[in-house]
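Beneath this line is the structure, given in structure tokens, with notes to follow.
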There are 2 protein chains.
Amino acid sequence: MHLEVRIKMNDKLFLRNPEESALGKKIVKQGLSLINKIGFETFTFKKLSVEIDTTEASIYRYFENKHKLLLYLITWYWSFLEYKVIFSVNNITNSELKLKTIIKLITEEPSNVSEKTDFISEYESYKLVIYEGAKSYLTRHISKDNKDRLFKPYKDLCERFSSIIKEYNPKYKYPHSLASTILEMAHSQKFFKQNLPSLTDFANETDDKKIILFLESLLFCSLKC
Amino acid sequence: MHLEVRIKMNDKLFLRNPEESALGKKIVKQGLSLINKIGFETFTFKKLSVEIDTTEASIYRYFENKHKLLLYLITWYWSFLEYKVIFSVNNITNSELKLKTIIKLITEEPSNVSEKTDFISEYESYKLVIYEGAKSYLTRHISKDNKDRLFKPYKDLCERFSSIIKEYNPKYKYPHSLASTILEMAHSQKFFKQNLPSLTDFANETDDKKIILFLESLLFCSLKC
DNA sequence: TTTTTTATGATAGTGTTACTATTTTTTTAA
DNA sequence: TTAAAAAAATAGTAACACTATCATAAAAAA
């Protein structure tokens, strides 16, 4: 059986739904890989239009501006991650194991072969979140974007995470902040490891195991304290 | 006695040292407050030149581009914070107290009256770090910037913090990652509290006391674990 | 004091970015 | 088959991110 995950995107993110046409999918798919390649600051719709052999004007029919495209991709990632969390945690009754599963899911690099997703690459969107994730909310229009519920997927994931934290230790005082700390650090520590290794203790590690151990210790020490 | 703090800035940050002229100081001072006012994305040298009644070309004689100005301001903040840490921790022998002092210093909003600094406002630079700090390193030229030692102040602070962590508990395995986590979260949690409060447990707090308690619990639970 | 250097201002110019508008062609649906 | 919608082609504009040149004023050196 071949199951494809389809995520319902907030329609404030686009002018025309990119899922509904070949061009739209190309914009999202190639947009993601071009942003990853050259960085969000230097990415333009003009460059993307050359890459996918269309015009700037055509891209503007789908997305108001490049920030909306970034938000589209980032919220897709958070939605997909929440889906993975729901799926993976489903049969687990032990809350410690649930928490460990979540940490693993948010930290581990997805494999770039045999993607289970349709037109958005999970691997590419994971890379995007590490390098550009914070730029999706560090803006002066965060209040408007928030009213449009554009951060709902991230908040939902944080809420789900924190509800399991409460399940594990109902007396812990800062479940949301602890959840958002782990979520942020899963990506920050990875970024630091690759780019500013002296801010971490993982400089010579080839995989993410030590980051996972660090995050587990952060979480469980806090909860057993 | 009136003591003024003077921080030696890395000369790769500028083309002409802004400290050495009235115009240079104005660029830095008003640049900082204009970025805080309108956000880094919408900030331009043209807008700043109108504000301080000079020309774009004159500003370009001091800074290569607006990212270098941002880095100048952010690294000034980290340097100043390290100075405050050194000064405050100086006479303390108890390492627990040292750690608590550091958390307080990095988290608490500096007062915007009676600044002890010359032309850069500590209060404004604290605000800047919260909203724009991550943008100073989330770029594709981080590797070059790092070679130019532009992140040294942040690394130094992290190293100082982590050495006190080791002093408190020499067996703790992740002193650098724990230090960078606390440093990052001091600002992220504050940003979330103000803009995406459901990611935190501080929504209805008027001051930063609960953030400090959260960071203390994160730190000491990990170290006593 | 005079000369030289240096900083700033004034002005202009270029290629790119971030769009919007219009018109034509192609694709899809009734 | 016709009508509607989507995409392509083309053009245009204001702002952005610079670079270059020259005149002038102020500061520093001779």
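By convention in this document, chain letters (A, B, ...) are assigned in the order of the sequence lines, proteins followed by strands, and residues within each chain are numbered from 1.
The separation between E20(B) atom CD and dA26(D) atom C1' is 16 Å, rounded to whole Å. The CG atom of N17(A) sits 17 Å away from the P atom of dA5(D) (whole-angstrom rounding). Across the protein-nucleic acid pair, K25(A) atom NZ and dA6(D) atom P stand 16 Å apart, rounded to whole Å. Spacing between atom CG of L48(B) and atom P of dC16(D) amounts to 13 Å, rounded to whole angstrom units.
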For nucleotides 7-23 of chain C, read 5' to 3', which letter fits each nucleotide if B means a protein heavy atom sits under 4.0 Å from the base, S means only the sugar-phosphate is that close, and - means neither?
SBB-B-----SBBBB--
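Using a cut-off of 4.0 Å between Lys/Arg side-chain N and Asp/Glu carboxylate O, K144(B) and D148(B) are scored as salt-bridged. Between K104(A) and D208(A) no salt bridge is recorded (no basic side-chain N to carboxylate O distance below 4.0 Å). Between E124(B) and K127(B) there is no salt bridge, since none of the side-chain N atoms of the basic residue sits less than 4.0 Å from a carboxylate O of the acidic one.
A cation-pi arrangement is absent between K66(B) and F43(B) under the rule of less than 6.0 angstrom and at most 45 degrees off the ring axis.
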Donor-acceptor pairs under 3.5 angstrom involving side-chain atoms of residues 13-21 of chain A: please list them, not counting sequence neighbours.
unit_1: N17(A); atom_1: OD1; unit_2: E19(A); atom_2: N; d: 3.0
unit_1: E19(A); atom_1: OE1; unit_2: R6(A); atom_2: NH1; d: 2.7
unit_1: S21(A); atom_1: OG; unit_2: G24(A); atom_2: N; d: 2.9
unit_1: S21(A); atom_1: OG; unit_2: Y62(A); atom_2: OH; d: 2.5

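Pair assignment for dA30(D): dT1(C), on the basis of Watson-Crick or G-U wobble contacts that are both within less than 3.5 Å.
Remark: E216(A) engages no residue in a salt bridge (Lys or Arg N to Asp or Glu O under 4.0 Å) (not counting sequence neighbours).
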